[in-house]
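First the proteins, then the strands, lettered A, B, ... as listed; each starts at 1.
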Protein chains: 2
Amino acid sequence: MSATIRDIKEQTGLALATISKYLNGGNVLPENRIKIEAAIKDLNYEVNEIARGLVTNKTRTVGVMVYGIDSLFNGTLLKYISEYLRKNGYGMLICASDNDEELEAKNLKFLVSKKVDGIIVIPVSTNSDFLLPAKNANVPVVLVDRSLADETYDCVKIDNRSSAYRAVNYLIEQNHKKIAVISSEVEYTGEERFKGYMDAMEKAGIPVKEEYKCCGTHSMEYGSEAMNRLMRLSDPPTAVFMTNYEITLGAVMVLNDMGKRIPDDVSLLGFDDLILSHLMKPDISVVIQPMKEMGEKAAEIILKKIKGSDEMPAEIVLGTRFSPGDSIRKL
Amino acid sequence: MSATIRDIKEQTGLALATISKYLNGGNVLPENRIKIEAAIKDLNYEVNEIARGLVTNKTRTVGVMVYGIDSLFNGTLLKYISEYLRKNGYGMLICASDNDEELEAKNLKFLVSKKVDGIIVIPVSTNSDFLLPAKNANVPVVLVDRSLADETYDCVKIDNRSSAYRAVNYLIEQNHKKIAVISSEVEYTGEERFKGYMDAMEKAGIPVKEEYKCCGTHSMEYGSEAMNRLMRLSDPPTAVFMTNYEITLGAVMVLNDMGKRIPDDVSLLGFDDLILSHLMKPDISVVIQPMKEMGEKAAEIILKKIKGSDEMPAEIVLGTRFSPGDSIRKL
DNA sequence: CCGCACAAGTGAAACGTTTCGCTCTTTCAT
DNA sequence: ATGAAAGAGCGAAACGTTTCACTTGTGCGG
């Protein structure tokens, strides 16, 4: 079907080794270079990456696992990762864990069986057991957005706790006292941001009612449910801090359904600057994550590790920016 | 490093061919089956997919190219495609064309060079030239969402023209006459939906002012720009039909910025039911595409073709549903 | 003019599977 | 009893590269 290095050998009379050397950037005599290049053009030759992979034990492919391809946060990250990898000649094999630890473990094995050279993952599990197959197969791993409780892996994330702290503090500065939080539990980012919220409240000396603390799944559904409950309290909060995009979506939906007005009826503070904030009638106030930097950094690190750098695993913590929209009323 | 079939040969005393046969589901004597299975467990053996790929000339990987991973429409489609492929043991290599024909052609070649077994693509180009490398390499292709002008490929899409027709007709039934359209040009879906709009207007005998026809790029930016222009006309439309999700996002943003109220100041009709419609204060009226069916069908077809079915290429046209929200005022 | 260093080229082995064509054994209908 | 058919196993070749260890050739300093 397609031409092989052997066909080039026939046409040029050179040895396989010489041609291979040329293909891999080695030096050959000018006259031979010309012959080879002519033959390549003639025969429409292209390296068979599989055969190459068999001997080099490299596929030039990186596996990426996120919790949902249709989550805008994931999609945005994937875009930047993909661009960086493509620019460097690497392909990107994608899996979704669907927020399910079991599926996450299964898909990780799948990626390893596909012989990817490295893996980038937004982990759903909180400990590192599921990464064992990668470790055993010597496949480097980089975490994004979340780190694990039990072991240090290379990781690119933001300063969740202090970002949340500063944002909630802004609410307090606007004289809010009855501040509720809707957060995801078990999950790393949710927990950290929740801590940041608590930090701010404690520091300000504001006691937090139990019914103001809502912790559930990372989903629109939970966002709706929690916001609905909050709004029906006999003493509802004047402001709500939502710790991720999906929860924010759900919460905003339910407010619209209830006919609540922002920020007149309730002030809103969210995470992630993903279009939504610009679409809503009042711009939602959000903590902005450096998505591009995050994605590119993760891709950069995984490539570095693939190329054999054996620096110690390190956590890279990127800064965030707070963007006050008009969803917060000064009391 | 990891065990090979040869190690199993040593441990069991069987021939490579026998073991290979077992691995591929062939029959072996019960006693040998037991020996092999024990050895596999012992040695923690796993097939090396690359070596297998070299001889079978299959990678069990499908390439998917969309115009933007961070577009919710694409992300949703990718999710369903990915799920179907994963369930069938196939991996998914993703590329983004970024709405750029040149990049699209380049990435297609990249996917072919990665030896994917098949390619699913939402094409950006309008003719099939860029698919030539796939054709030459005998890699089957399935188009999604859009077909090409010059050649028939397998394709899964919706009845764009009549869906648009019916939706615009609804506007007309609500006594709107000054109906504008914001559409993407050059692009297949945009053009078809634009035609559907024109069909409805013509059939109703409503002349369409030139300044009501806005055709530009498939982007939020263009949506904003066009809506802004429409609203500043001396005789602005009472309703606007937007032919895709990105344009709708941009248009809604600008309306919010201008403080225009929906549907009091202007009625809105969009395409694609992607969260946005539920988030906006008034539910936006939209044409709903069967995303799941579309993605799964495309994946199903590509697998069928990979397995060697040589049915003629066919276009599968799925139906849509119109969901009237409260973004349309009855005049 | 010798010998050495270095550049370029080479044949063969290796990577880990699948597959082809063959043999051997068993079964079963005649 | 016999021969054909079917089931199981086997050795070796093939897939298309890279890489290793080696040879050849060239130029240059002493």
Side-chain angles (χ1 to χ4, degrees), chain A residues 1-37 39-40 43-61 89 112-117 137-138 307-308, chain B residues 1-37 39-40 43-61 89 112-117 137-139 306-308:
Chain A
M1 194 100 270
S2 50
T4 79
I5 208 177
R6 234 169 219 107
D7 298 324
I8 300 199
K9 168 191 159 127
E10 298 308 325
Q11 174 158 342
T12 60
L14 295 168
L16 292 181
T18 310
I19 300 164
S20 174
K21 191 203 243 178
Y22 165 84
L23 289 173
N24 292 287
N27 275 330
V28 292
L29 290 181
E31 63 177 289
N32 289 335
R33 146 168 278 116
I34 291 172
K35 272 200 243 170
I36 295 177
E37 280 168 358
I40 288 180
L43 302 166
N44 226 310
Y45 170 81
E46 272 169 32
V47 184
N48 181 325
E49 296 279 354
I50 302 190
R52 173 181 281 175
L54 179 58
V55 39
T56 59
N57 212 11
K58 291 265 170 280
T59 53
R60 295 195 138 256
T61 299
V112 171
S113 83
K114 281 289 177 192
K115 301 276 176 193
V116 295
D117 296 342
N138 247 322
K307 303 230 165 86
Chain B
M1 194 101 267
S2 50
T4 79
I5 207 178
R6 233 169 220 108
D7 298 325
I8 301 202
K9 168 189 160 129
E10 298 308 326
Q11 175 159 342
T12 61
L14 294 168
L16 291 182
T18 309
I19 300 163
S20 172
K21 191 203 239 177
Y22 165 85
L23 290 173
N24 293 285
N27 274 331
V28 292
L29 290 181
E31 65 178 287
N32 290 334
R33 144 167 281 116
I34 291 170
K35 271 198 245 171
I36 295 177
E37 280 168 357
I40 288 181
L43 302 168
N44 226 312
Y45 170 81
E46 273 170 31
V47 186
N48 181 325
E49 296 279 354
I50 302 190
R52 173 181 279 176
L54 180 58
V55 39
T56 59
N57 212 11
K58 292 261 171 281
T59 53
R60 293 197 140 256
T61 299
V112 171
S113 83
K114 281 289 177 193
K115 302 275 176 193
V116 295
D117 295 343
N138 247 322
V139 179
I306 288 173
K307 303 229 165 86

**Q** Find every protein N or O atom lying less than 3.5 Å from an N or O atom of nucleotides 11-13 of chain D, and list the pairs.
**A**
none

**Q** For dC10(D), does OP1 or OP2 lie under 4.0 Å from any side-chain N or O of T18(B)?
**A**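 Yes, such a contact exists.
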
**Q** Tell me which nucleotide among dG9(C), dT17(C), dG16(D) gets nearest to the side chain of N48(A).
**A**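 Selected nucleotide (nearest to the side chain): dG16(D).
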
**Q** Of the candidate nucleotides dT17(C), dG16(D), dG9(C), which contains the atom at the shortest distance from the side chain of T4(A)?
**A**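 It is dG16(D).
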
**Q** Quick one: pull up CZ in R60(A) and OG in S113(B) and give me the separation to the nearest 0.5 Å.
**A**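 If I round to the nearest 0.5 Å, the distance is 10.0 Å.
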
**Q** L23(A) has a side chain; which of dT18(D), dG9(C), dT17(C) sits nearest to it?
**A**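 Per side-chain heavy atoms of L23(A), the pick is dT18(D).
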
**Q** Could you walk me through whether I36(A) and L23(A) pass side chain to side chain contact (heavy atoms under 4.5 Å, CB included), step by step?
**A** CA-CA 9 Å; I36(A) 295 177; L23(A) 289 173; 5.7 Å; no

**Q** As a quick check of understanding, evaluate side chain to side chain contact (heavy atoms under 4.5 Å, CB included) for D7(B) and Y45(B), giving each step before the final call.
**A** CA-CA 9 Å; D7(B) 298 325; Y45(B) 170 81; over 6 Å; no

**Q** Can you tell me how far P of dT18(C) sits from CD1 of I8(B), to the nearest Å?
**A**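 After rounding, the gap between these two atoms is 11 Å.
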
**Q** Is the CD atom of E46(B) crowded by more than 12 outside heavy atoms at less than 6.0 Å?
**A**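 Counting other residues, nucleotides and ligands, CD of E46(B) stays at 12 neighbours or fewer.
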
**Q** How many whole angstroms separate atom CZ of R52(A) from atom P of dA14(C)?
**A**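 Computing the R52(A):CZ to dA14(C):P distance gives 22 Å.
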
**Q** Between E10(B) and R6(B) (salt bridge meaning N to carboxylate O under 4.0 Å), is one present in this structure?
**A**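 Looking at E10(B) and R6(B), the cut-off is not met.
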
**Q** Report the distance from atom CD1 of I40(A) to atom C1' of dG16(D), rounded to the nearest whole Å.
**A**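 So the CD1-C1' distance, I40(A) to dG16(D), works out to 15 Å.
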
**Q** Report the distance from atom CG of L29(A) to atom C1' of dT24(D), rounded to the nearest whole Å.
**A**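 Rounded to the whole Å, the gap is 12 Å.
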
**Q** Taking the side chain of L54(B) as heavy atoms from C-beta outward, which of dA8(D), dC15(D), dT17(D) is closest to it?
**A**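 That would be dC15(D).
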
**Q** Is the shortest side-chain N/O distance from Y45(A) to OP1 or OP2 of dT17(D) below 4.0 Å?
**A**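 It does, given that an N or O in the side chain of Y45(A) lies less than 4.0 Å from OP1 or OP2 of dT17(D).
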
**Q** Using atom CG of L43(A) as one end and atom C1' of dG16(D) as the other, report the distance to the nearest whole Å.
**A**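 Spelled out: CG on L43(A) to C1' on dG16(D) is 15 Å.
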
**Q** I would like to know whether K58(A) and R52(A) meet side chain to side chain contact (heavy atoms under 4.5 Å, CB included); could you show each step before the answer?
**A** CA-CA 8 Å; K58(A) 291 265 170 280; R52(A) 173 181 281 175; over 6 Å; no

**Q** dC15(C) phosphate, OP1 or OP2: any side-chain N/O from N57(A) under 4.0 angstrom?
**A**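 For dC15(C), neither OP1 nor OP2 has a side-chain N or O of N57(A) closer than 4.0 Å.
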
**Q** In whole Å, what is the span from the CG atom of N24(B) to the P atom of dG16(C)?
**A**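 The answer, rounded to whole Å, is 17 Å.
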
**Q** Is the shortest side-chain N/O distance from N27(A) to OP1 or OP2 of dA8(C) below 4.0 Å?
**A**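 Checking N27(A) against dA8(C): at least one side-chain N or O falls below 4.0 Å of OP1 or OP2.
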
**Q** CD1 of I19(A) versus C1' of dT19(D): gap in Å, rounded?
**A**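 For the pair I19(A) CD1 and dT19(D) C1', the rounded distance is 15 Å.
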
**Q** Quick one: is S20(B) getting a side-chain N or O under 4.0 Å of the dT18(C) phosphate, OP1 or OP2?
**A**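 Yes, S20(B) has a side-chain N/O under 4.0 Å of OP1/OP2 on dT18(C).
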
**Q** Check step by step if side chain to side chain contact (heavy atoms under 4.5 Å, CB included) holds for V28(A) and L14(A).
**A** CA-CA 11 Å; V28(A) 292; L14(A) 295 168; over 6 Å; no

**Q** Tell me whether the count of non-hydrogen atoms from other residues, nucleotides or ligands lying under 6.0 Å of CG in N57(B) goes above 12.
**A**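 Atom CG in N57(B) is not packed in, count stays at 12 or less.
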
**Q** Rounded to the nearest Å, what distance is computed from the CD1 atom of residue I5(A) to the C1' atom of nucleotide dA13(C)?
**A**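 Those two atoms, CD1 and C1', are 15 Å apart.
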
**Q** Base, sugar-phosphate alone, or nothing: which one does E46(B) contact when heavy atoms must sit under 4.0 Å apart?
**A**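 Result for E46(B) = sugar-phosphate.
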
